[in-house]
Amino acid sequence: MSLPSSLSRRALFGRIATMIAAVAPFGAGRRAAAQQKVSKREAKYQDHPKGEQRCEICVNFLPPDQCRFVVGPISETGWCQFFAARENAH
Ligand code: SF4
């Protein structure tokens, strides 16, 4: 396939570059969001349980002392506002 002129080729490359620029931030943003954690203060983290709720039984706990959402290390007996109990947790 040949393009009719250099102007058309330039327009085509410009259009492709615009499409890439429009799509790229979404991929990068998703990766950054997945990697970004909040501080213990922002999560209202405490190093002791809240009733029965504690990191050890939270779906976000990454043994031995990390969390998917909170900057670590954390305690397995800690708690924060993002607590979500694992199934069959007690
Ligand atoms: S309670 Fe909070 S700090 Fe602990 S594992 Fe769950 S989300 Fe992370």
Side-chain angles (χ1 to χ4, degrees):
M1 178 180 135
S2 66
L3 296 170
S5 71
S6 63
L7 184 61
S8 296
R9 208 173 304 146
R10 212 176 301 147
L12 178 64
F13 286 132
R15 197 170 267 196
I16 291 171
T18 301
M19 288 165 56
I20 291 171
V23 171
F26 293 108
R30 202 174 294 151
R31 271 195 307 279
Q35 293 169 352
Q36 202 163 15
K37 291 185 177 186
V38 300
S39 69
K40 288 177 179 173
R41 184 178 176 162
E42 288 171 310
K44 296 184 171 44
Y45 174 82
Q46 60 190 38
D47 60 3
H48 54 277
K50 182 175 183 181
E52 297 279 306
Q53 300 179 354
R54 59 195 184 281
C55 297
E56 185 179 32
I57 59 168
C58 176
V59 293
N60 302 312
F61 184 55
L62 303 171
D65 62 357
Q66 298 295 312
C67 171
R68 277 197 188 102
F69 298 129
V70 178
V71 174
I74 59 166
S75 167
E76 62 186 16
T77 58
W79 176 91
C80 88
Q81 66 176 344
F82 302 124
F83 174 85
R86 286 194 318 242
E87 270 186 45
N88 304 320
H90 42 261

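Note that the structure is a prediction, hence the values are computed from the model and not measured. Positions are given from 1, in the same order as the sequence printed here.
- For the residue pair A43 and V70, the shortest heavy atom distance occurs at CB-CG2, 3.6 Å.
- Smallest separation of non-hydrogen atoms from V59 and R68: O-NH1, 2.7 Å.
- One N or O on the side chain of K37 and one on the backbone of C67 form a donor-acceptor pair closer than 3.5 Å.
- Atom OG of S75 and atom CD of Q46 lie 10.5 Å apart (nearest 0.5 Å).
- Closest approach of I74 to Q66, counting heavy atoms only: CD1-O, 3.7 Å.
- Judged purely by atom type and a 3.5 angstrom limit, K44 has no side-chain atom pairing as donor or acceptor with the backbone of W79.
- Across K40 and P73, no two heavy atoms sit closer than the pair NZ-O, 2.5 Å.
- In this structure, T77 and D47 approach most closely via the heavy-atom pair OG1-O, 3.8 Å.
- Q53 contributes no side-chain N or O that, together with a main-chain N or O of Q81, makes up a donor-acceptor pair within less than 3.5 Å.
- Checking side-chain atoms of R86 against main-chain N and O of F61 turns up no donor-acceptor pair under 3.5 Å.
- If you take SG on C80 and CZ on R41, they are separated by 15.5 Å, rounding to the nearest 0.5 Å.
- Put simply, the side chain of C58 does not reach to within 4.5 Å of the side chain of F82, judged on heavy atoms.
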